[in-house]
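For reference, the structure discussed in these notes is given below.
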Number of protein chains: 2
Amino acid sequence: MKELISHMQKMVSLDLEEINYLEGELVSRDIKRKTCLVTEGQICQSLYFVEKGCLRAFFISEKGTEHTCQFAIENWWITDHMSLDNQRPSHFSIQAVENSKVITLTREKQAQLLNRIPKLERYFRLIVQRSFAASQLRIKYLFSQSGVERYQHFAESFPEFLQRVPQYMLASYLNISAEFLSKIRAGKV
Amino acid sequence: MKELISHMQKMVSLDLEEINYLEGELVSRDIKRKTCLVTEGQICQSLYFVEKGCLRAFFISEKGTEHTCQFAIENWWITDHMSLDNQRPSHFSIQAVENSKVITLTREKQAQLLNRIPKLERYFRLIVQRSFAASQLRIKYLFSQSGVERYQHFAESFPEFLQRVPQYMLASYLNISAEFLSKIRAGKV
DNA sequence: GAAACTTCTTGAACTGGTTCAAGAAATGGA
DNA sequence: TCCATTTCTTGAACCAGTTCAAGAAGTTTC
């Protein structure tokens, strides 16, 4: 819980009353590895803050293969905005990659918090800006780097995270096959 | 000018005083086709709202090929948030795809507007959420569709827009070569 | 209206990565 | 500790898309 308050305070100043209010409203839960918080096709009703662990957004293609679009580690939020904001069936599932501790913020609860503490509009704007920026950069790398380069770039940028996710999942995030990733790691390409 | 006010009012209510204030602060400019508003490597200092026409964010790869990451048509904002928010050199250039009418909002001016009309925090949060959602969906399509499918999907979704952009630019947005797009259109694949 | 420039088309050779199948290695549960 | 399940590895055949070069078609400028 204090991780989120702390995170918020990096971007907006909160007084004691506001902090107490937030602590009274927000609930942290343990989520077991592989638990789905959102299922593709359902309407997404919440945003999720990762206190500890990792979540991911993924979908299953028509061919039946899994593609991971996004990971969220500590201090990141994750949701399907298209579904949450428009109340339409989600294009993604959201799942725990490892045992995690997560704060679930329903759409109604967020509206309530923003009504009560309007300066959190700024917090959430800054949060989504950061996510959007990361997403744009990801598209740049998808366009400009080969599969090998994407893996190398990821390994250099996030060496510790590399150990935390199954290789098939990382491959699906990098948009390469699991077999190809194996060959990259074995130095066979 | 009234397009932007109109657009804002779809998401937040503005009284006459606020509208007059905004009209006094915002300036609309005509931008000639091919004009760059931001150059890769420079620090991005503004957000851009498209009243009429079209802008795009693109970059040049190490191989010298252009890749278009994002288009912004009427009623969309475009910027490089990574650069604007962190004051770091931009990963993208932003350019007019056709003669356009654009409102430029500097970082300072945005801060001033948000200070004076805090409810615009909500407007910008909703705007960025929409952009981020579009970007996530784009990643989904990049992962799950072949080049042919991406073109067909785009042609079905935005038939009029198709006529407004050069084919080589569309190809670079769909992450296929211009020659391949020609062959798709000729029914040769 | 002509010349210069830009955009689009086409065929063929090439290639980066996929797919498949089989089995090894690692992990989890009883 | 053993068995079941999941994850990873490997080689070879295959393919979606790229690249190159040449030229056609369209647009812009003078």
Side-chain angles (χ1 to χ4, degrees), chain A residues 31-36 53-54 56 58 60-68 71 95-100 139 141-155 161-189, chain B residues 31-36 53-54 56 58 60-68 71 95-99 141-155 161-189:
Chain A
I31 309 293
K32 255 176 122 54
R33 179 174 169 275
K34 288 212 168 186
T35 302
C36 274
C54 178
R56 71 166 177 153
F58 74 95
I60 310 288
S61 74
E62 286 181 7
K63 295 172 183 161
T65 47
E66 273 191 18
H67 295 269
T68 300
F71 286 112
Q95 182 189 54
V97 172
E98 55 192 22
N99 291 342
S100 305
I139 290 173
Y141 293 142
L142 285 169
F143 279 14
S144 59
Q145 292 176 333
S146 68
V148 173
E149 289 167 337
R150 290 202 288 282
Y151 171 70
Q152 286 169 338
H153 185 260
F154 193 95
F161 184 63
L162 210 56
Q163 319 302 329
R164 289 170 64 184
V165 297
Q167 206 167 282
Y168 75 86
M169 199 176 283
L170 178 60
S172 86
Y173 174 82
L174 299 174
N175 199 27
I176 57 180
S177 71
E179 293 91 335
F180 191 51
L181 181 51
S182 257
K183 291 165 187 168
I184 294 174
R185 287 166 66 95
K188 293 204 165 156
V189 285
Chain B
I31 308 293
K32 258 175 120 53
R33 179 174 170 272
K34 289 214 170 185
T35 301
C36 273
C54 179
R56 70 166 176 153
F58 73 96
I60 311 288
S61 73
E62 286 181 10
K63 292 173 186 163
T65 49
E66 271 189 19
H67 294 268
T68 299
F71 287 113
Q95 181 191 55
V97 172
E98 54 193 23
N99 290 342
Y141 293 143
L142 285 169
F143 279 13
S144 59
Q145 292 176 334
S146 67
V148 174
E149 288 165 340
R150 291 203 289 281
Y151 172 71
Q152 287 170 337
H153 185 260
F154 193 94
F161 184 63
L162 212 54
Q163 316 304 329
R164 291 170 61 186
V165 297
Q167 206 168 279
Y168 76 84
M169 202 177 281
L170 177 61
S172 85
Y173 174 81
L174 297 174
N175 199 27
I176 57 180
S177 69
E179 294 90 334
F180 190 51
L181 181 50
S182 259
K183 291 162 188 170
I184 294 174
R185 288 165 64 95
K188 294 197 163 164
V189 287

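Letters A, B, ... are given to chains in the order of the sequence lines, protein chains preceding strands, and every chain is numbered from 1. These values consider heavy atoms only, across backbone and side chains, with no hydrogens, waters or symmetry-generated copies.
- Taking atom OH of residue B:Tyr168 and atom C1' of nucleotide D:dG26, one finds them 14 Å apart after rounding to whole Å.
- Atom CG of A:Leu162 is separated from atom C1' of D:dC8 by 14 Å (rounded to the nearest Å).
- Residue B:Lys183 places no side-chain N or O under 4.0 Å from the OP1 or OP2 atom of C:dT10.
- Counting any heavy atom pair closer than 4.0 Å across all strands shown, B:Ser146 reaches sugar-phosphate atoms only and no base atom.
- Between the CD atom of B:Glu98 and the C1' atom of D:dT27 there is a distance of 16 Å, given to the nearest Å.
- Rounded to a whole Å, the CD atom of A:Glu179 is 16 Å from the P atom of C:dG23.
- The side chain of A:Ile176 approaches C:dT18 more closely than any other nucleotide in the set C:dT10, C:dA21, C:dT18.
- We find that CZ of B:Phe180 is positioned 22 Å from P of C:dT7, with the value rounded to whole Å.
- Within the 4.0 Å cut-off from OP1 or OP2 of D:dT9, at least one side-chain nitrogen or oxygen of A:Gln167 is found.
- Panel note: side chain B:Thr68, backbone B:Ser172; no donor-acceptor pair is recorded below 3.5 Å.
- Relative ring orientation between A:Phe71 and A:Phe161 is described as perpendicular, the plane-to-plane angle rising above 60° on a 0-90° scale split at 30° and 60°.
- Between A:Phe143 and B:His67, the ring planes lie tilted relative to each other; the angle falls in the 30° to 60° range.
- No donor-acceptor pair under 3.5 Å is formed between the side chain of B:Arg150 and the backbone N or O of B:Tyr173.
- Atom C1' of nucleotide C:dC8 and atom CE of B:Met169 are separated by 14 Å, given to the nearest angstrom.
- Between the NZ atom of A:Lys188 and the C1' atom of C:dG16 there is a distance of 18 Å, rounded to whole Å.
- Mapping B:Arg33 and B:Thr65 onto DNA chain D by nearest heavy atom places B:Thr65 at the nucleotide closer to the 5' end.
- Residue A:Tyr151 contributes atom OH, which lies 15 Å from atom P of C:dG17 at whole-angstrom precision.
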